Structure formats: C-alpha cells, structure tokens
Amino acid sequence: MSASMPRIRQLDPSIVNKIAAGEVIERPASVVKELLENALDAGARRIDVLVHQGGLDLIRVVDDGCGIAADDLALAVTSHATSKIESADDLFHVQTMGFRGEALASIAEISHLFVRSRPGGEQAGAELYIEGGKSRGVAPASCAPGTTFEVRNLFFNTPVRRKFMRSTATELGHVSEALTRIALAHEGVRFSMNHEERLVTELPPTHSWRDRIRDLCGEEIADALIPVDRSEDGIRIHGFVADPSLSRGNNRLQYLFLNRRFIRDRSLSHALGEAYRGLLLTGRYPIAFLHLEMSPDLVDVNVHPTKLEVRFVDSSRVYSLLLGMLRSRFLSTDLTAKGRAVTGVPASADGSPRPLSGPSHFQEAAPDSTRSHPANLWGADRRAIHASAAQAAADSQRRPPAWTVPQLPDLPVPVGGSTASTEPLAPTRPPDATPSASTLGSPAMQICDRYLVTETQDGMVVMDQHALHERILYEELRTKMAAGGLDRQRLLVPEPVELTAAEAGVVLEHQATLAELGMEVEHFGGTTVLVLSYPAMLANLAPSEMIRKVAAELCDSGGQAERGVLLDDLLHMIACKAAIKAGDRLTAHEITALVDRSYLVQDAHHCPHGRPTTLVFTREELDRQFQRT
Ligand code: ADP
Ligand code: MG
C-alpha cells in the first residue's frame, strides 16, 4: 500500500451526530423547531416553551403528548432511532413532522440534554441526562404524563458554531419565528412561550385560523384577510391572502404550509407575486397564509435536512392552481379600481375617479392626494398631531411638511460653505464656484411627472426626480449624522406598533442605533414596541410603516453587527422614503430647488440603490442621432 493512500474507516457515531447536528441545528431556533415538531407528533394539545438567553443557555419544551416509555428513552436520543417510519416505503407516506430520527441525537451531541417523560398509561416516568452525547443513565422519575426536554449550553462543544450566534434578541427573534411557523399550522394546540421571566406569546387553542393569525400577527393583518379555497386533481390550496392595501417590503409574511409543515417555495412565492401584479407597488410583497394539502406521494419532503424546501411531483400544477385561484378571487373581490389607481390609471369608464374602498394602499404616494379614504384621513390627523407636537416642543424648529421638495432649503449648510436659506420654498443658489450647478443652464422642466429635463453647456440632461432627490437627501443625512444626529420629531402620544416577534427582536436590539437616527422606541410588552419619536424627515410615513421598514432592513442585513454598515443602510432607507416619488407633480419652485441642490451630490449619476440619477445627452450625440454629422 502506498504511504500516501488515506485509510478508510467507519466514522465514530459521535462524529456522525456532530455532522448531522451541523446540518439540522443551526441555532437555538432549530432546537425549538425540532422539539415542537416532536411534541406535535406525540399528539400534544398543550406545549410550553421557555428560553433563556435567546435559547443559548436554556430551551425547555414541555408537552402533554403520548410520552416515551422508560425502555425507549435511551434509544430515542440515538441516531436514526424513530418511531415514525419502519420501511423505506413509509418515506413516501410520511404523515408526521419528523421521520429522520436524528434530531434528538444531534441535539444531545452538542448540548447538555435532559429528558423526563411519562406515557399516559404509566404510573411513573423516567428521566435521562446526556452531556455532549455521553449518557449519564436513565433513572425513574415522578412527573405528569407527557414529556419535558431541557437543552442547556447549546454548542458548548462546537465553539465555532457558538461564535456565529448573534445577540440574545436576534436569537430570540428566530426562536419566536420558529414557534410562529409551527403555531400557525396548529391552531388547535395551546402554546406559550416565555423568555426568562417574560411571557412572550400565549396562544389559546382555537378552531378559527384567522384567530390564530390574529394572535400571532396582529389585528391589522387579521382584519385584512380574504379567504381563499380551491381544489383540483387531489391538490387543495386554502387559507387567506391579505387585501392589497396591506403589504410588506419583503416576503416574510408569506406563510405556506404543505400538509401543515411550513415550507419556503420560490415558485409559489412567484405565483403570489404574479397574482398581485398591478395591485402592489414595486418592491412590495403580498401577505399570505396558505395551506397546501395533497397526498404525501405527490411531494418529496426528504430533499432538505430541515424539510424547509420540498419537491413537488408536478410543481407547475401547484403554481397554476394558486395563481388561478387568486386571480379569480381578486376579480370577484373587485380590487380592479385599486389596481388601476396604483398603476396610474385613475378613472373608470365614465371618466370619474373610482371610489376606493377599504384602507389605503397609497401609503407611498404623495400625501396631498385628494382621494378621501380612511387611511388618508388618518394620515391627515397624524400630521395635525405632529404639527401640534412640533409647536409644543420648544426644541423643534419650524419646518414645512417634510414630504415634498419644500424641505430641501431647510437642510444643512452645503459642503461648499454657503449658508442655506431658512425660508421655506426659497430656492438656494449655491456659489458659482460649485461644480455642476453652474453648468446647468435654463430652468428644468418636468416630464411624465417623473423626469426633470434641463439644458447644460454640453447638451441636455435628464434627471430621475426620485433618484436625484433620494441621493441629495442621503448626502445631507450623512452630513447631519456627522454633525450629531438627525432631527427628531416627538409624537405627542407615543404610538404602540404591533410587530412580529422577529421584527420586535431586531428593533429592540438596535434601539440605541435607531435613537441616533431620531427613532426612539421602547418595549411595550409582548411583540409591541412603542414609538416615541421619528426622524423629522419621515413625517409622511406612519410610525408603524417606518418601524416595519426598519425591521425589514435590519433583518436583511442579517443581524449585521457592524454599526457603520447598519447606519448607512438605514440612511439609505430614510432617504428613499423621504424623497419625492415618481408620479409626484412638482411646482416650478420645487423643480428649481431640486435641481439647484443637485450639486450636493458628488456622484450625481447614481441613486443609493445603484440606479442612475442622471442621463446626459451631449450635443454631439444628438447631432449624430439626427444625422447632422
Ligand atoms: P424523529 O422525530 O425524526 O422520529 P427525533 O430524534 O426527533 O426523530 O425523535 C426520536 C424519537 O423520539 C421519535 O421518533 C419519538 O418516538 C420520540 N420522541 C421524541 N420527542 C418526543 C416527545 N415529545 N413525545 C413523545 N415521543 C417523543
Ligand atoms: Mg423529530
């Protein structure tokens, strides 16, 4: 045998378990998911979860399920031990959440695991303690029927994984999300979750899915749900989708359950997006809670270690069933008028504006919109409150409403050193020396309600009004931050905003950073946060919308620990939200104010999202196009 040839050997079971753990147990939330699934498979009607330190110190799951016989206890925590399937054939008819028989073995390998269980029919129970995969033996125990798992010191012997753990709040957010996914699919089961001494969630059992959704995701969402149900060829899709007036900046509120198992499926998310096309503004995602039911042999759930992704035998059929169902539902729900309005075709056949029902989905449109519907009235109320708050608060300067260009002149001293005018609406002329402003010639003109066109010495420039304004605001925000922070506007009456647990987790974790940006938030209890103030620049945004946007931004940056990166992301977001939109008609003054400020943008050609702000057409180019040369 050559000296360099490696020897092949059977891996030690402990290594096998560690490898499996690496796949299945990514963070404390994964443990919670596995333990909850086991409890449900055991027929539990009530499940109580307790976590300490986001689950890194302790995860305890207590259920009232069928229990584990004393004789089976030691076996249950060894790898490939399961009561759920016997033969390979069973794999294609799995009705339980688990079947791989590796979760407990994996968890036991990388933690201090304590199990105590008593089957319903037995007089007494038994307990087992395992430390890093080493069993300390089974002992008799007296306990109530059911099973208790306690997982302590997760990842104590896998330091690399432990290092990847984020803050307590982030981990707690993931744990809450794991519970949400499972509790949503099992509304008949009672759940509770405590974090240390605090009760985070309490979910009474119910027959109504909408009630469970309400308990987990809040009134606003529950009230906007449209029921849907359709079956075809042995596949049924049913549940709820939210009225397009309610949407999110990401797809996290799209809960899809396949045979009561939470799944992620790109193709089905795409179908959802398609169904809402024209009903939502770009960048917005529908909210949906959907059950897919089909015979287990129409789908392979064994393609992903945590079963998050599945493979449908006929995925195009599922896709078109979902899309078809939603399209016909929307037609019969008469959302057409709203859809038209969003895409900018406001009139009905007789030319009169169509009445809009339900809450507004124009949150992102100009607030001076004359359409009268509840949310806009509410928006006006809020501005009134802001206005009186502004007067009451001696620390706040008088400023015009912040949602259109008039706020521009109010912003900080340009880098060039000239003083910004404090007169609202007065266009500010930068000194002649400043670069691009002096090169702009005749006054700009707005076309298509979204572009500004002006002449320069070399030819013509076309600016995207939103991209340009966004970029200007971003530069100004950075200057402000460097000078000590953004102007804040206090709410006269602090506003409670109900978030998902994960959102609340990240928002509270970054409380200090948000405060620097003028967004003061406090924990209000449960998953509700209290908004005390907001950046003055974002007066056009409802605090709830602002906080959700922030939460999404924070989640997207993956719990980014780096403060600088985070702040920058948030500044981009604020700039984007505060900037005028495509479709906003501007007055001549506003156009001038905007163009005059374009010199603030050192690299004026890209908005923070990387889209260009400005296109230049030189005279030479125009000549060439017109074949003058
Ligand atoms: P799987 O769920 O894939 O079967 P696990 O490692 O998660 O594998 O669990 C192993 C076995 O332990 C299960 O098949 C089940 O018999 C038993 N078990 C685990 N948790 C519970 C529980 N809470 N109640 C009753 N039995 C349980
Ligand atoms: Mg399991």
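Model, not experiment: these values are computed from the prediction. Just follow the structure's listing: the first ligand is 1, and inside any ligand the first atom is 1.
Residue contact annotation: Gly65 has no non-hydrogen atom under 4.0 Å from ligand 1.
No donor-acceptor distance shorter than 3.5 angstrom exists from the side chain of Asp243 to the backbone of Ala224, with no hydrogens or angles considered.
Ring geometry for Tyr276 versus Phe330: interplanar angle over 60°, hence perpendicular rather than tilted (30 to 60°). Between Trp209 and Phe240, the two ring planes are tilted [angle within 30° to 60°].
Close contacts between ligand 1 and Gly67 involve ligand atoms 25 (C) [criterion: under 4.0 Å to a heavy atom]. Shown in contact with Ile68 at under 4.0 Å from a heavy atom are these atoms of ligand 1, numbered in order with element: 18 (N), 21 (C), 25 (C), 26 (N), 27 (C). Under a 4.0 Å criterion applied to the non-hydrogen atoms of Asp63, ligand 1 contributes the atoms 22 (C), 23 (N).
Residue contacts with ligand 1: Asn38 is placed with a nitrogen or oxygen under 3.5 Å of a nitrogen or oxygen of the ligand (distance criterion only). Residue-to-ligand polar distances place Thr82 within reach of ligand 1: an N/O pair is separated by less than 3.5 Å. Checked by distance only, ligand 1 and Gly101 come closer than 3.5 Å through their nitrogen or oxygen atoms. Of the polar atoms of Leu104, at least one N or O is found under 3.5 Å from an N or O of ligand 1, judged by distance alone.
For atom 10 (C) of ligand 1, the closest non-hydrogen atom on the protein side is Ala81 O, 3.4 Å. For atom 2 (O) of ligand 1, the nearest protein heavy atom (residue, atom name, distance) is Lys84 NZ, 2.7 Å.
When each of Glu171, His195, Arg181, Met193 is checked for a side-chain contact (heavy atoms from CB on, under 4.5 Å) with Ser176, only Met193 meets the rule. Exactly one residue among Ile226, Leu225, Leu322 makes a side-chain contact (heavy atoms from CB on, under 4.5 Å) with Val241. That residue is Ile226. Across Glu293, Glu37, Glu187, a single residue satisfies salt bridge (Lys or Arg N to Asp or Glu O under 4.0 Å) together with Arg260, and that is Glu187.
The Mg ion (ligand 2) lies at 2.8 Å or more from every N, O or S atom belonging to Thr82.
Of the charged side-chain nitrogens involved, none lies within less than 4.0 Å of a carboxylate oxygen, so that Glu131 and Lys134 do not count as a salt-bridged pair. Salt-bridge annotation for Arg548 and Glu220: present, with a side-chain N of the basic residue lying under 4.0 Å from a carboxylate O of the acidic one.
Of the heavy atoms in Thr96, none comes closer than 4.0 Å to ligand 1. In Ala42, the part holding a heavy atom less than 4.0 Å from any atom of ligand 1 is the side chain.
Under the 6.0 Å cut-off for aromatic ring centres, Phe289 and Tyr255 qualify, their centroids lying closer than that.
Counting only non-hydrogen atoms, the option in Gly43, Ala76, Ser83 that gets closest to atom 14 (O) of ligand 1 is Ser83.
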